[in-house]
J.: 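To start, I am sharing the structure in question, which I have written as structure tokens.
Numbered from 1 within each chain, the chains take letters A, B, ... in sequence-line order. These figures come from a predicted structure and were not determined experimentally.
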Number of protein chains: 2
Amino acid sequence: MAEPLTSRLGYLLKHAQLNFSQSGARALESLNITGRQLAVLVVLDVAEPLSQLDAAKELGVDRTTMVALIDELEDKGLVERRRSPDDRRKNIVELTAHGKQTLTEGERRHQETEKAFLAGAGLTPIEADLFVRILKRLATDAETPDDQPEDKT
Amino acid sequence: MAEPLTSRLGYLLKHAQLNFSQSGARALESLNITGRQLAVLVVLDVAEPLSQLDAAKELGVDRTTMVALIDELEDKGLVERRRSPDDRRKNIVELTAHGKQTLTEGERRHQETEKAFLAGAGLTPIEADLFVRILKRLATDAETPDDQPEDKT
DNA sequence: TATTGTTATACTCTATAACTATA
DNA sequence: TATAGTTATAGAGTATAACAATA
């Protein structure tokens with residue numbers, strides 16, 4: 001009758017994401033960071049150091065969430081907070097030497113994981129490239145027009 | 001330096017999924033069910049009615065989670081529990097007439113949402129089809145080989 | 001008054017442990 | 001003893017409200 005669950009787009013996106021994040025977690029395990037933490041390091045690794053709020057906006061999370069994320073990274077010695085001299089309300093967050101090393105190696109593993117993930121599903125490089133380009137459109141075209149069909153039940 | 005966040009596969013999968021589930025939620029809003037609840041109805045709509053545990057396995061959730069899901073659906077009058085005569089430990093869960101109507105209309109809207117979502121990103125039907133086939137492989141090829149690279153930091 | 005970081009709190013989602021009734 | 005459903009509880013993950021320091 002109804003299509004099987006495994007052909008539903010929502011299910012597929014969710015489980016593809018789950019599979020990938022598990023692969024990523026495995027790859028980062030011995031580096032002692034999570035994928036989430038690596039993403040924060042990526043955000044923070046810019047020429048002009050960011051405040052916590054800037055980083056939060058960049059990552060698309062709340063500033064209260066960013067407090068906890070920075071806490072974790074600081075506990076591991078990967079970043080350091082310091083008061084901004086320009087505006088003493090702000091914490092400037094910068095990578096430590098250890099943080100930079102971890103970022104470099106984490107990124108290497110991340111790239112490797114992406115390649116392995118796409119190749120592991122038997123995708124040719126051309127297919128993989130097409131897939132990622134399509135995915136990018138679906139991830140960023142935030143607003144599909146609101147059709148809001150009539151209630152016919 | 002590092003690739004921008006928006007080209008990371010994990011980020012793209014997560015946000016594509018978020019976008020889609022928001023579209024789905026909007027489409028189902030006036031039907032008064034969530035995407036999750038519709039998925040449960042899909043699972044339950046089979047010739048041989050399922051027990052709660054069977055349905056949980058089918059959906060890939062815990063049996064305690066299924067209790068709450070069935071509670072919600074029963075409160076809305078979409079399903080009914082009855083004790084299995086064969087094994088009185090089991091609850092057989094069946095769609096009510098209202099549940100069947102809701103499922104039919106929900107599925108119609110869901111299909112419409114999928115089409116709109118893929119078309120909305122400017123995908124041709126051929127691209128959309130290819131995308132879904134690739135996604136299916138990525139969602140189901142659960143285990144990528146564990147490379148577990150050396151710690152080079 | 002508004003903003004940044006922080007804390008306390010709450011809410012969602014989900015799983016584990018323990019209870020009950022059945023087998 | 002084991003299984004199905006249930007409840008209580010706890011753990012992520014994240015957000016809202018309130019507070020202190022600063023602007």
J.: Taking only residues two or more places apart in sequence or in another chain, which ones pass side chain to side chain donor-acceptor pair (under 3.5 Å) with Glu74(B)?
T.: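 Glu74(B): side chain to side chain donor-acceptor pair (under 3.5 Å) contacts with Arg81(B).
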J.: Just how far, in rounded Å, is C1' of dG5(D) from CZ of Arg82(B)?
T.: 16 Å
J.: Residues two or more places apart in sequence or in another chain: which of them pass side chain to side chain donor-acceptor pair (under 3.5 Å) with Asp62(A)?
T.: Thr64(A)
J.: By side chain to side chain donor-acceptor pair (under 3.5 Å), which residues pair with Glu72(A), not counting sequence neighbours?
T.: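 Expected list: Gln37(A).
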J.: Does OP1 or OP2 of dT6(C) have a side-chain N or O of Arg81(A) closer than 4.0 Å?
T.: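 Yes, within the criterion.
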J.: What string of B, S and - do you get for nucleotides 17-23 of chain C 5' to 3' if you count protein non-hydrogen atoms under 4.0 Å?
T.: BB---BS
J.: Whole-Å distance between dT3(D) P and Lys90(B) NZ?
T.: 11 Å
J.: Considering only heavy atoms, which members of residues 65-74 of chain B lie under 4.0 Å from some atom of DNA chain C?
T.: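 Those residues are Thr65(B).
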J.: Name all residues meeting the side-chain contact (heavy atoms from CB on, under 4.5 Å) criterion together with Ala128(B); count only those two or more places apart in sequence or in a different chain, and write none if there are none.
T.: Leu118(B), Leu123(B)
J.: Could you tell me whether a side-chain N or O of Thr113(A) sits under 3.5 Å from a main-chain N or O of Arg109(A), the two making a donor and an acceptor?
T.: yes
J.: Of all residues at least two apart in sequence or in a different chain, which pass the side chain to side chain donor-acceptor pair (under 3.5 Å) check with Arg36(A)?
T.: none
J.: Could you list the residues that satisfy side-chain contact (heavy atoms from CB on, under 4.5 Å) with Thr96(A), not counting sequence neighbours?
T.: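 By the side-chain contact (heavy atoms from CB on, under 4.5 Å) rule, Thr96(A) matches Glu80(A), His98(A).
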J.: Residues in salt bridge (Lys or Arg N to Asp or Glu O under 4.0 Å) with Arg63(A), at least two apart?
T.: none
J.: Contact list please: residues 48-57 of chain A against DNA chain C, heavy atoms, distance less than 4.0 Å, in numerical order.
T.: Ser51(A), Gln52(A), Leu53(A)
J.: For Arg83(B), enumerate each residue passing the side-chain contact (heavy atoms from CB on, under 4.5 Å) test, keeping only those at least two apart in sequence or located in another chain.
T.: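 If we apply the side-chain contact (heavy atoms from CB on, under 4.5 Å) test to Arg83(B), skipping adjacent residues, the hits are Arg88(B), Asn91(B).
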J.: Within this structure, what is the CD-to-P distance between Gln17(B) and dC13(C), rounded to whole angstrom?
T.: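 Nearest whole value for this atom pair: 12 Å.
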J.: If the condition is side-chain contact (heavy atoms from CB on, under 4.5 Å), which residues does Ser51(A) pass it with, not counting sequence neighbours?
T.: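 Checked Ser51(A) against side-chain contact (heavy atoms from CB on, under 4.5 Å); matches are Leu53(A), Asp54(A), Lys90(A).
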